[in-house]
Amino acid sequence: MAIKKGTDSIVKVYRGATEITKIYKGTELIYSASPTPQPTLSNKIYGHTRTASSTITLKVNGTSYNVTSDANKYFELDCSNITITSLNQCAYNISQLGDITFDVDTSNCTDFSYLVGSCRYATSIDCSKMDTSKATNFAAMFYNCQSAVITHPTNGYQHASGLWNLQFMFYNCSQLESLNLGELGDIDRVSNSNGTFNGCSALQTIDFTGLKNYEPSYGDNVFLNCSALTSINVTGADATSIATLLSCLTSSGLSFTQSGDYLVKQS
């Protein structure tokens, strides 16, 4: 194992060529990688519609903005003068959406619910530059985006201590094959996780490293129709969270058992 410090003063730990982002002693987190510097932003939400000269409606802070794509199917919404606090239903139920990139400052955004919900024909959703550190609501964030390849936030799905809703977050995201949710950490206030991964038919692995206090009041069908799921990383997760995950797997018709730091599918 090697420790490297670059000119930007960010410490990185490597095992061989692989960067180690977290180290645990039992369930105690004893090392966490320095955050990646925030990227330069154009402060635009942009992408392509499925046909040229299509007018779509994007919603920011509850206000609707109509944008029309050009002859190359390209559209953009300039958010330079907007302090974004909510992206609820930002690109909700837009049948003409082809792809979308969120290249905006979301460091003050709390509500990401239905972000791109019900955009079943969208092929690409780029959230790589998103800052979700103040998020309290991830409900149906990518609901029924059946065809989309999702580029997840580079710094993971960080959140505020008041995060409460994971309902249908990745419902029917049938292109999703693996998912790293290691940034969730302590989610003691999450009360609803109904159908979080329901219909993720290609999902094989999930990383829940460091998960704490996961015990929602509503947790039906969390892994329903996740027939390809084979393993869940629970390194550093507490006993409550592991027990909840196993219960959710069982109630979704999947047989898993704990083997070291993983929950693995039983043959």
For this session: Decide side chain to side chain donor-acceptor pair (under 3.5 Å) for T235 and N233; before the verdict, give the C-alpha distance in whole Å, the side-chain angles of both, and the deciding distance to 0.1 Å.
Result: CA-CA 6 Å; T235 302; N233 187 346; 2.7 Å; yes

Report yes or no: do [X] and [Y] form a side-chain donor-acceptor pair below 3.5 Å?
X    : Y    : result
D131 : N155 : no
S133 : Q158 : no
T51  : S54  : yes
D105 : S107 : yes
N144 : S118 : no
K59  : N88  : no

Does some side-chain heavy atom of [Y] sit less than 4.5 Å from a side-chain heavy atom of [X]?
X    : Y    : answer
N180 : H152 : no
Q167 : Y218 : no
V264 : T230 : no
N165 : T136 : no
L211 : V234 : no
I45  : C79  : yes
I84  : V104 : yes
I94  : L58  : yes

For this session: Could you list the residues that satisfy ring pair (Phe, Tyr, Trp, His ring centres under 6.0 Å) with Y65, not counting sequence neighbours?
Result: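 Per chain and number, Y65 pairs via ring pair (Phe, Tyr, Trp, His ring centres under 6.0 Å) with no residue.
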
Problem set entry | All ring pair (Phe, Tyr, Trp, His ring centres under 6.0 Å) counterparts of Y92, not counting sequence neighbours |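 So Y92 forms a ring pair (Phe, Tyr, Trp, His ring centres under 6.0 Å) with Y114.
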
Compare every heavy atom of [Y] with every heavy atom of [X], then report the nearest pair and how far apart it is.
X    : Y    : value
N194 : G219 : OD1-N, 3.2 Å
K212 : G236 : NZ-O, 2.6 Å
F256 : L246 : O-CD2, 3.8 Å
N137 : L163 : N-CD1, 3.9 Å
D186 : H159 : O-CE1, 3.4 Å
S80  : D78  : OG-OD1, 2.5 Å

Exercise. Are F208 and L229 co-members of a hydrophobic cluster defined by side-chain heavy atoms under 4.5 Å apart?
Worked result: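 Yes; tracing contacts between hydrophobic side chains, which count when under 4.5 Å, links both residues.
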
Exercise. Are Y262 and L245 joined in one hydrophobic group, where the rule is that I, L, V, M, F, W and Y side chains link up if heavy atoms are under 4.5 Å apart?
Worked result: no

Answer yes or no: does atom [atom1] of [X] have more than 12 heavy-atom neighbours from other residues, nucleotides or ligands under 6.0 Å?
X    : atom1 : answer
R50  : CZ    : yes
E215 : CD    : no
Y121 : OH    : no

Exercise. So, D103 and K44, do they make that salt bridge, N to O below 4.0 Å?
Worked result: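 So D103 does not pair with K44 through a salt bridge.
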
Exercise. What's the verdict on side-chain contact (heavy atoms from CB on, under 4.5 Å) for L87 and V60, showing C-alpha distance, side-chain angles and the deciding distance?
Worked result: CA-CA 5 Å; L87 288 174; V60 178; 4.2 Å; yes

Exercise. Out of curiosity, L166 CG to T196 OG1, how far, rounded to the nearest 0.5 Å?
Worked result: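 Going from CG on L166 over to OG1 on T196, the span is 5.0 Å.
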
Exercise. How long is the gap from CZ on F112 to CE on M169, to the nearest 0.5 Å?
Worked result: 9.5 Å

For this session: Give me the ring orientation class for Y157 and F170: parallel if the planes are under 30° apart, tilted from 30 to 60°, perpendicular past 60°.
Result: perpendicular

Exercise. Angle class for the Y143/F168 ring planes (parallel below 30°, perpendicular above 60°, tilted otherwise)?
Worked result: perpendicular

Problem set entry | Among I206, L224, N172, side chain to side chain contact (heavy atoms under 4.5 Å, CB included) partner for F197 |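 Between F197 and the candidates, side chain to side chain contact (heavy atoms under 4.5 Å, CB included) is satisfied uniquely by I206.
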
Problem set entry | side chain to side chain contact (heavy atoms under 4.5 Å, CB included) partner of F102, chosen from T151, L115, D126 |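 Between F102 and the candidates, side chain to side chain contact (heavy atoms under 4.5 Å, CB included) is satisfied uniquely by L115.
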
Exercise. In this structure, which one of D70, D99, T101 forms a side-chain hydrogen bond (donor to acceptor under 3.5 Å, both in side chains) with H48?
Worked result: D99

Exercise. Would Y214 and S193 satisfy side chain to side chain donor-acceptor pair (under 3.5 Å), going step by step from the backbone distance to the final call?
Worked result: CA-CA 10 Å; Y214 177 54; S193 65; 2.9 Å; yes

For this session: Evaluate the side-chain contact (heavy atoms from CB on, under 4.5 Å) criterion for residues T68 and F75: first the C-alpha distance (whole Å), next the side-chain angles of each, then the deciding distance (0.1 Å), finally the verdict.
Result: CA-CA 6 Å; T68 302; F75 71 85; over 6 Å; no

For this session: Go through the steps for T83 and N108 under the test side chain to side chain donor-acceptor pair (under 3.5 Å), then give the verdict.
Result: CA-CA 7 Å; T83 299; N108 292 295; 5.7 Å; no

For this session: For the pair Y46 and I100, evaluate side-chain contact (heavy atoms from CB on, under 4.5 Å) and give the outcome as yes or no after the intermediate values.
Result: CA-CA 6 Å; Y46 61 85; I100 190 167; over 6 Å; no

Exercise. Can T85 and N61 be said to form a side chain to side chain donor-acceptor pair (under 3.5 Å), step by step?
Worked result: CA-CA 6 Å; T85 58; N61 294 347; 3.2 Å; yes

